[in-house]
Number of protein chains: 2
Amino acid sequence: MTTTSPTQLTILSACCSPAEPAVADESAEALASLFKALADPARVKIMSMLLNADEVCACDIATAIGKSQATASHHLGLLRKAGLVTGDKRGTWVYYRAIPERLASISAALTTDL
Amino acid sequence: MTTTSPTQLTILSACCSPAEPAVADESAEALASLFKALADPARVKIMSMLLNADEVCACDIATAIGKSQATASHHLGLLRKAGLVTGDKRGTWVYYRAIPERLASISAALTTDL
DNA sequence: CGCATGTTTCGACGTTCATCAAAGCAGAAC
DNA sequence: GTTCTGCTTTGATGAACGTCGAAACATGCG
């Protein structure tokens with residue numbers, strides 16, 4: 001309860017049950033970080049590309065999302081830091097792949113953990 | 001391909017297949033908006049509370065997330081606008097409920113659509 | 001009526017974010 | 001070696017976000 005406990009003295013309405021914090025603080029932060037990594041149309045499109053092609057050259061991503069190459073690289077770096085994709089440099093080009101297990105874990109958290 | 005098509009004249013590396021945009025622009029925006037609605041620890045905790053209690057008084061949420069009441073109201077309004085929760089005023093207090101179907105649709109989008 | 005309490009909205013402040021131009025790096029081809 | 005090309009990083013800028021205090025709104029009680 002916050003300011004006053006209504007149940008005790010007022011006749012009307014019980015307000016609520018104690019109401020638990022539910023999920024742990026750290027878990028909430030971790031999940032929020034993952035959601036933040038997907039909270040941009042450009043990054044959603046990138047993930048979609050990667051999931052459907054299982055390997056995409058960085059040079060194609062910029063044009064596919066309609067942004068500059070620098071911006072594309074920024075988004076890719078962000079997704080990489082979130083553990084959602086991996087990129088390996090082969091010769092001149094960098095090829096990116098999605099990590100489907102990571103997405104699956106988000107999906108699972110949404111339906112069960114949370 | 002972006003600037004130059006490597007396949008034609010250089011001997012090494014084919015760069016990649018054409019690489020399609022995959023998901024539609026509007027879908028990407030819609031999904032990103034939903035993720036943005038969950039991209040904050042406070043809102044994740046709120047959703048968790050609501051899913052586990054199926055009805056929580058607004059007065060409990062502020063303390064549960066450790067923020068001021070004004071901030072809690074802001075987050076709740078944001079979640080409501082995203083269609084993730086509903087709140088109805090009964091007498092003095094406002095009771096919030098999660099909309100599980102909405103979360104399920106996000107989960108489904110992650111595993112199939114995307 | 002007026003007063004007290006729960007909730008939302010408003011205004012402001014500091015932080016974070018998306019974006020691009022330009023500079024810096026790393027390979028490949030000459 | 002130099003030069004070219006793809007990618008990343010840096011710097012800067014404008015927008016969006018989270019946060020809170022204060023004001024406004026709504027409702028119940030006396």
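Values in this document were obtained by computation on a predicted structure and should not be read as measured data.
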Can you check the [X] [atom1] to [N] [atom2] distance for me, whole Å?
| X | N | atom1 | atom2 | answer |
| --- | --- | --- | --- | --- |
| A:Arg90 | D:dG6 | CZ | P | 17 Å |
| A:Asp88 | C:dA26 | CG | P | 17 Å |
| A:Trp93 | D:dT8 | CH2 | P | 14 Å |
| A:Asp40 | C:dC17 | CG | C1' | 9 Å |
| A:Tyr95 | D:dT8 | OH | P | 13 Å |
| B:Lys67 | D:dG21 | NZ | P | 13 Å |
| B:Lys36 | C:dT16 | NZ | P | 17 Å |
| B:Ile65 | D:dC20 | CD1 | C1' | 12 Å |

Hey, does the side chain of [X] come within less than 4.0 Å of [N]'s phosphate (OP1/OP2), counting only N and O?
| X | N | result |
| --- | --- | --- |
| A:Arg43 | C:dA18 | yes |
| B:Tyr96 | C:dT8 | yes |
| A:Ser68 | C:dC20 | yes |

| message | Looking at A:Val23, is its backbone amide N or carbonyl O close enough to the side chain of B:Ser48 to form a donor-acceptor pair, meaning the two atoms are under 3.5 Å apart? | response |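 Confirmed, B:Ser48 side chain pairs with A:Val23 backbone.
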
Atom of [X], atom of [Y] and distance for their closest heavy-atom approach:
| X | Y | answer |
| --- | --- | --- |
| A:Ala37 | A:Leu84 | CB-CD1, 3.9 Å |
| A:Pro41 | B:Ala32 | N-CB, 3.4 Å |
| A:Asn52 | B:Leu114 | OD1-O, 3.1 Å |

| said: Let's see if you get this right: which residues in residues 71-85 of chain A place a heavy atom under 4.0 Å from DNA chain D? | reply: A:Ser73, A:Arg80

Taking the side chain of [X] as its heavy atoms from C-beta onward, which of [options] lies nearest to it?
| X | options | value |
| --- | --- | --- |
| A:Val94 | C:dC17, D:dT8, C:dG6 | D:dT8 |
| A:Gln69 | D:dC20, C:dT19, D:dG6 | D:dG6 |
| A:Cys59 | D:dC20, D:dC7, C:dT8 | D:dC7 |

| Hey, what do you get for CZ (A:Arg102) to CG (A:Leu79), rounding to the nearest 0.5 Å? |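 With rounding to 0.5 Å, CZ (A:Arg102) is 11.5 Å from CG (A:Leu79).
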
| said: Assess whether a salt bridge exists between B:Lys45 and A:Asp25, defined as any Lys/Arg side-chain N lying under 4.0 Å from an Asp/Glu carboxylate O. | reply: yes

| query | Should A:Lys36 and A:Glu29 count as an ion pair when the cut-off is N to O under 4.0 Å? | reply | no

| request: Select from A:Lys89 and A:Ala70 the residue whose nearest nucleotide in DNA chain C is closer to the 5' end of that strand. | output: A:Ala70

